[in-house]
Amino acid sequence: MDSLNNNSPQSVPYITSNNPLQFTIHLPNLNPNSTPNFTPISSPNPNSNSISDELLSLSIPRKRRRGRPRNFPLNQVYHNFPNSSNTLINSNFVGNLNAVRTITANDTLDEIIVINKEATTEALIALTAGFPADSLTDEEVEAGVVSVVGGIEQVNYILIRNHIISKWRENVSSWITKEMFIDVIPKHCSGLLDSAYNYVVSRGYINFGVAPVVKDRIPAEPSKGSVIIIGAGLAGLAAARQLMLFGFKVMVLEGRKRAGGRVYTKKMEGGNKVAAADLGGSVLTGTLGNPLGLLARQLSYTLHKVRDKCPLYRVDGKPVDPDLDQKVEAAYNLLLEKASKLRQLMGEVSQDVSLGAALETFRQDYDDGVNEEEMGLFNWHLANLEYANAGLISKLSLAFWDQDDPFDMGGDHCFLPGGNGRLVQALAENVPILYEKIVHTIRYGSDGVQVVAGGQVFEGDMALCTVPLGVLKGGSIKFIPELPQQKLDGIKRLGFGLLNKVAMLFPYVFWGTDLDTFGHLTDNSCSRGEFFLFYSYATVAGGPLLLALVAGEAAHKFETMPPTDAVTKVLQILKGIYEPQGIEVPEPIQTVCTRWGSDPFSLGSYSNVAVGASGDDYDILAESVGDGRLFFAGEATNRRYPATMHGAFLSGLREAANMAHHAKLRTTSLKVEKKPSRNAYSYASVLADLFREPDLEFGSFSVIFARKSSDLKSPAILRVTFSGTQTRSHDGIRPDRHLSNKLLFQQLQSHFNNQHELHVYALLSKQQALELREVRGGDEMRLNFLSEKLGVKLVGRKGLGPLVDSIIALIKAERGRRKPGSRCLTLKSGVMKSKATTLRQKIVRKAKIVGGGNRTTSSTAESSRIEAVGNCSTSIPPTNVTLESKPVCNIGSIASPSLNIDVNDNTGSNSVGSSYVYLLPNAGIGDKFESNIGNSTPPILDAGEKTGSNTNGPIYPQSTYDDSTKTCAPPSSGNSAS
């Protein structure tokens with residue numbers, strides 16, 4: 001074979017179409033019979049404890065074995081990932097930590113501490129919590145846990161951090177305090193102890209959950225801000241409990257009649273039989289470090305290991321020969337390894353190719369020697385792969401479909417007896433949740449958030465959106481201002497697949513209790529995922545319960561299949577398997593068919609990396625917006641653990657930490673603002689002088705910045721000038737717009753003591769200022785762009801705060817160093833304009849306020865000044881302003897009405913936008929809006945409270961919707977749904 005560095009068509013794969021679903025991959029001269037590219041690494045400690053043994057199998061890709069657990073050699077680690085640098089497992093970490101112990105005997109390195117003799121074991125435990133064994137996480141580096149990255153201080157920090165985590169894991173029902181470690185940590189490392197303890201506590205690595213000692217530490221009266229959480233799934237509940245522990249006031253809005261989201265345990269009963277069926281998330285994967293496993297320990301729940309035995313049955317019901325099963329499975333794994341090598345050869349091109357296309361290309365090499373049964377077995381493994389990813393392999397990214405495999409926590413796959421609803425119930429206890437609140441609008445800005453559900457508006461300091469990716473894709477929730485384009489693109493790129501189930505309660509167990517899973521083959525590749533895998537819940541559900549899974553393309557067709565037809569097909573399969581063995585298959589007492597794709601609160605099952613997407617998109621979805629006001633959580637925001645229940649839970653803990661961090665920053669900033677600089681007035685004067693010669697000037701906008709810096713992210717100060725005199729604009733605004741501007745802003749002069757000019761400011765980056773300058777359509781469009789696209793709020797000079805003083809000083813110092821006349825020499829047409837040649841646009845607008853009833857009120861100079869709440873309110877909207885009162889709920893309670901501005905262009909075009917604006921008596925521009933949020937007690941609502949008509953969003957008929965399920969039972973059974 002030619003060298004891989006050879007760029008000839010024979011040595012590098014290439015494709016002949018840009019369509020990831022229909023194209024041909026031209027391969028180099030690869031040997032189809034070559035062995036997989038496994039690099040076995042011997043265990044550095046063959047006599048290690050069970051935790052070590054479990055962890056040494058972490059990097060076997062879990063997604064290919066989710067539905068069918070397998071035993072793998074524990075004395076080997078296979079590094080077969082395309083980007084092995086991303087894996088948390090370092091084959092030398094055990095030796096490195098052992099070396100740390102011996103190094104301490106060396107006088108030159110006596111600063112490395114020795115806590116105990118269990119450094120290796122503690123490193124492995126920390127590994128299951130998501131920490132690298134011998135380095136810091138990016139989050140730790142950003143948090144500044146050590147002063148120098150990579151030195152002895154870092155080694156000591158890691159040892160202390162691992163020890164704290166291990167101490168809590170010994171007894172997760174205890175509360176770990178810093179004082180517990182004072183005697184074992186040397187005094188000269190007390191600062192590192194503070195750093196490590198504060199980090200793992202604030203980020204939710206210890207002292208979380210539902211243990212009594214944790215619940216007892218939730219303060220009776222919240223002392224911090226208010227938070228609205230949209231969605232009572234695992235992410236929302238985890239965040240709610242953690243934020244309550246931190247002292248925040250929390251309200252959870254849930255559209256369903258129950259908590260749990262895509263984790264749903266349904267009680268099935270009839271004929272004196274009762275069982276708990278997990279219709280959503282069911283398997284706890286990798287319980288060694290799984291936080292849901294830790295919750296089960298806190299609740300003294302025993303987990304049931306999913307046993308490895310998983311026999312397969314042919315279409316005719318006969319068992320598959322075990323030797324043939326192993327042979328086909330080995331060939332299937334070989335194709336996956338070839339696909340892994342192919343993506344390495346293809347480089348970035350592999351991002352535009354599907355996994356299915358690559359597997360199909362390699363599979364064709366085996367067509368001649370494959371019989372019908374072998375093909376059925378191969379299709380079964382593909383169905384299992386589509387189940388693991390909740391997506392068609394034809395849509396999965398070849399480059400990144402398994403990007404999360406290196407972060408597997410290790411350990412067994414388990415069922416929770418009684419269903420995962422028991423965990424949901426424990427998490428939801430004493431959490432304020434309002435059910436049947438269908439959120440359709442989320443407004444966010446620098447002053448807080450508003451969440452609109454039906455006819456109610458809930459206000460808070462921050463909001464956490466935990467709705468599934470399918471809901472975000474569906475667009476049923478409107479964000480104001482619109483989410484950043486990068487986030488919208490990430491939502492579009494990521495895949496969101498489907499998995500459905502048929503749950504059947506039988507009079508007795510006829511399938512045997514010696515196994516937890518068994519599979520069934522099909523003779524049609526298009527329906528390979530139809531009832532391909534069965535889960536036996538007889539040992540954990542409390543009754544004879546059997547679940548049949550529907551994955552891949554079959555899961556989508558299943559959405560429209562009548563429940564009776566589905567049950568009939570399942571019974572035919574079961575009878576084909578067991579009746580030849582002389583075992584009678586009885587009629588089920590009760591059956592339930594899920595419809596997760598049709599569920600308006602999920603619109604699918606879980607996320608995957610589709611063609612064109614990457615792991616980066618999970619991080620993009622996790623990013624907060626609105627200057628730390630709106631946050632996002634859920635399995636689709638967790639790059640390391642997507643498509644899992646524990647991934648959703650961990651994302652909730654992550655965002656609780658982020659929200660607490662941003663709240664702390666704002667509190668610190670407010671304290672600083674309360675102590676104004678002695679030079680505040682002098683800086684205001686300097687700012688006015690600097691704007692006499694702005695660096696950019698267009699319309700009523702002018703910008704100053706440090707021109708010496710070439711960094712487009714460097715700060716710039718924007719000033720917008722409003723005046724009572726209307727002059728001709730050089731931007732060519734139409735005369736009708738001039739008239740509307742005059743009508744809208746005429747009263748603004750009286751609000752500010754008849755000043756001739758009103759200046760409002762904003763802090764931007766240089767890049768944003770340049771983008772703003774390029775906006776066409778005059779000041780109206782620039783103001784709209786500033787608000788809707790950039791999410792920037794205009795404030796008075798005081799609203800800029802003392803932090804801007806350093807920027808003013810920098811610009812002043814730079815200009816002081818400029819030679820006389822240098823500014824004029826650097827002017828370029830269309831980029832920078834001299835004030836002498838600029839015609840500043842003067843805008844006068846009049847606001848008409850419609851209060852309650854039909855009474856019209858005019859604002860006077862002394863009565864009120866305008867303060868905008870929310871990013872979108874920074875825009876000074878166009879004409880025809882109508883203000884009408886809306887009920888506002890302060891975390892669930894009715895409060896004073898706010899003013900809703902419906903904005904329409906007077907030229908007859910579509911609505912430009914809308915926003916909420918508060919008129920505050922005796923308030924100046926830039927003053928913080930002080931509300932009574934957080935001071936009211938939410939009412940206690942019945943769980944069955946109806947949301948009512950929702951004219952601003954989708955209406956879901958509750959009479960025909962039964963939580964994504966269709967129940968089918970004989971009329972005479974007398975069973976009832978719960």
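Since the structure is predicted, the reported quantities are computational estimates derived from the model, not experimental observations.
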Notebook entry, point to check: Looking at side-chain heavy atoms only, is the closest gap between P563 and C593 below 4.5 Å?
Noted result: yes
Next item on the list: Work out which heavy atom in L498 is nearest to a heavy atom in G597; give both atom names and the distance.
Entry: CD1-N, 3.2 Å
Margin query: How long is the straight-line distance from CE of M645 back to CG of L416, given to the nearest 0.5 Å?
Written below: 8.5 Å
Checklist line | Pairwise distance OG(S282) to CG(L547) - rounded to 0.5 angstrom | finding: 7.5 Å
Notebook entry, point to check: Going through the distances and angles, do E553 and R528 end up as a salt bridge (charged side-chain N to carboxylate O under 4.0 Å, His left out)?
Noted result: CA-CA 8 Å; E553 186 177 346; R528 61 191 174 211; over 6 Å; no
Checklist line | Closest non-hydrogen atom pair between G470 and L603, with its separation | finding: O-CD1, 3.5 Å
Check: Hey, is the main chain of G280 close enough, under 3.5 Å, to the side chain of D278 for a donor-acceptor pair?
Finding: no
Margin query: Nearest 0.5 angstrom please: H163 NE2 to K167 NZ, how far?
Written below: 6.0 Å
Notebook entry, point to check: Would you say R203 and L653 make side-chain contact, with heavy atoms under 4.5 Å?
Noted result: no
Notebook entry, point to check: Do V502 and V592 come within less than 4.5 Å of each other through their side chains, counting heavy atoms only?
Noted result: no
Check: Just how far is it from atom CG of L127 to atom OG1 of T121, taken to the nearest 0.5 Å?
Finding: 12.5 Å
Check: If you take all heavy atoms of L521 and V315, which pair is closest and at what distance?
Finding: O-CG2, 3.6 Å
Next item on the list: Would you kindly check if the NZ (Lys) or CZ (Arg) of R595 is within the cone defined by 45 degrees around the ring axis of F558 and under 6.0 Å from the six-membered ring centre?
Entry: yes
Next item on the list: For W511 and I577, run side-chain contact (heavy atoms from CB on, under 4.5 Å): C-alpha distance rounded to whole Å, both residues' side-chain angles, the deciding distance at 0.1 Å, then the answer.
Entry: CA-CA 10 Å; W511 56 90; I577 294 174; over 6 Å; no
Margin query: Taking D599 first and then R256, would you say they form a salt bridge - that is, a charged N and a carboxylate O separated by under 4.0 Å?
Written below: yes
Next item on the list: For the pair F518 and F534, name the ring-plane relationship: parallel under 30°, tilted 30 to 60°, perpendicular over 60°.
Entry: parallel
Notebook entry, point to check: Does the side chain to side chain donor-acceptor pair (under 3.5 Å) test come out yes or no for D412 and T287, once each step is laid out?
Noted result: CA-CA 6 Å; D412 298 323; T287 53; 5.2 Å; no
Margin query: If we ignore hydrogens and angles and just use 3.5 Å, is the side chain of D316 paired with the main-chain N or O of K318 as donor and acceptor?
Written below: yes
Check: Is there a donor-acceptor contact under 3.5 Å from the side chain of R241 to the main chain of L427?
Finding: yes
Notebook entry, point to check: Side chains of T285 and Y641: does their closest heavy-atom pair fall under 4.5 Å?
Noted result: no
Margin query: Check this for me, if you would: do E584 and K575 make a salt bridge, where the nitrogen-to-carboxylate-oxygen distance has to be below 4.0 angstrom?
Written below: no
Margin query: Please check: side-chain N/O of D321 versus main-chain N/O of L324, any donor-acceptor pairing under 3.5 Å?
Written below: yes
Notebook entry, point to check: Do L294 and R169 have side chains that get closer than 4.5 Å, going by heavy atoms?
Noted result: yes
Note to self: Please give me the minimum heavy-atom distance between V214 and G209, naming the atom from each residue.
What the structure shows: CG1-O, 3.6 Å
Item checked: Stepwise side chain to side chain donor-acceptor pair (under 3.5 Å) test for H646 and N638 -> CA-CA 10 Å; H646 62 271; N638 196 324; over 6 Å; no
Next item on the list: Look at the side chain of S651 and the backbone N and O of A648, then say whether any donor-acceptor pair between them is shorter than 3.5 Å.
Entry: yes
Checklist line | N272 CG: over 12 foreign heavy atoms closer than 6.0 Å | finding: no
Note to self: Quick one: does any side-chain atom of E269 pair with a main-chain N or O of V274 as donor and acceptor, under 3.5 Å?
What the structure shows: no
Check: Should the pair R639-D404 be classified as a salt bridge under the 4.0 Å nitrogen-to-oxygen rule?
Finding: no
Notebook entry, point to check: Which atom names give the shortest non-hydrogen contact between L469 and S607, and what distance separates them?
Noted result: CD2-CB, 4.1 Å
Check: Is the Y535 ring parallel, tilted or perpendicular to the Y387 ring (thresholds 30°, 60°)?
Finding: perpendicular
Item checked: R262 charged N/C atom sitting above Y606 aromatic ring, 6.0 Å / 45° -> no
Check: Say you draw a straight line from CG of D408 to OG1 of T128; how long is it, rounded to the nearest 0.5 Å?
Finding: 11.0 Å
Check: Would you say E386's side chain and I393's backbone share a donor-acceptor pair under 3.5 angstrom?
Finding: yes
Next item on the list: Please step through side-chain contact (heavy atoms from CB on, under 4.5 Å) for the pair F378 and W380, ending with a clear verdict.
Entry: CA-CA 5 Å; F378 181 76; W380 187 92; over 6 Å; no
Next item on the list: Determine, stepwise, if the pair F506 / I589 fulfils side-chain contact (heavy atoms from CB on, under 4.5 Å).
Entry: CA-CA 5 Å; F506 288 95; I589 299 173; 6.0 Å; no
Check: Going from CD on Q425 to CG on N420, what distance comes out if it is rounded to the nearest 0.5 angstrom?
Finding: 13.0 Å
Note to self: Taking the side chain as everything from C-beta on, heavy atoms only, tell me whether F496 gets closer than 4.5 Å to N608.
What the structure shows: no
Notebook entry, point to check: Under 3.5 Å, side chain of S602 to main-chain N/O of W596, donor-acceptor pair present?
Noted result: yes
Next item on the list: Keeping the roles fixed (side chain from N207, backbone from I176), state whether a donor-acceptor pair exists under 3.5 Å.
Entry: yes
Next item on the list: Scan side-chain atoms only and decide if H304 and D516 contain a donor-acceptor pair under the 3.5 Å cut-off.
Entry: yes
Margin query: On a heavy-atom basis, which atom in P586 and which in L571 lie closest, and how many Å separate them?
Written below: O-CD2, 4.3 Å
Notebook entry, point to check: Under the side-chain contact (heavy atoms from CB on, under 4.5 Å) criterion, do K501 and V550 qualify, and how do the steps go?
Noted result: CA-CA 6 Å; K501 300 180 181 180; V550 190; over 6 Å; no
Margin query: Any non-hydrogen side-chain atom of N379 less than 4.5 Å from a side-chain atom of L382?
Written below: yes
Item checked: S173 side chain to Q298 side chain, donor-acceptor N/O pair below 3.5 angstrom -> no
Item checked: Cation-pi check, R422 onto Y301 ring (under 6.0 Å, within 45° of axis) -> yes
Next item on the list: Take atom NZ of K215 as the centre, draw a 6.0 Å sphere, and report whether it contains more than 12 heavy atoms from other residues, nucleotides or ligands.
Entry: yes
Check: Under 4.5 Å between any side-chain heavy atoms of L505 and P544, yes or no?
Finding: yes
Check: Above 12 or not: heavy atoms from other molecules or residues under 6.0 Å from CD of E559?
Finding: yes
Check: Between the main-chain N or O of L499 and the side-chain N or O of S605, is there a donor-acceptor pair closer than 3.5 Å?
Finding: yes
Check: So, D308 and K305, do they make that salt bridge, N to O below 4.0 Å?
Finding: yes
Next item on the list: May I ask you to check whether W168 and F208 place their ring centres under 6.0 Å from each other?
Entry: yes
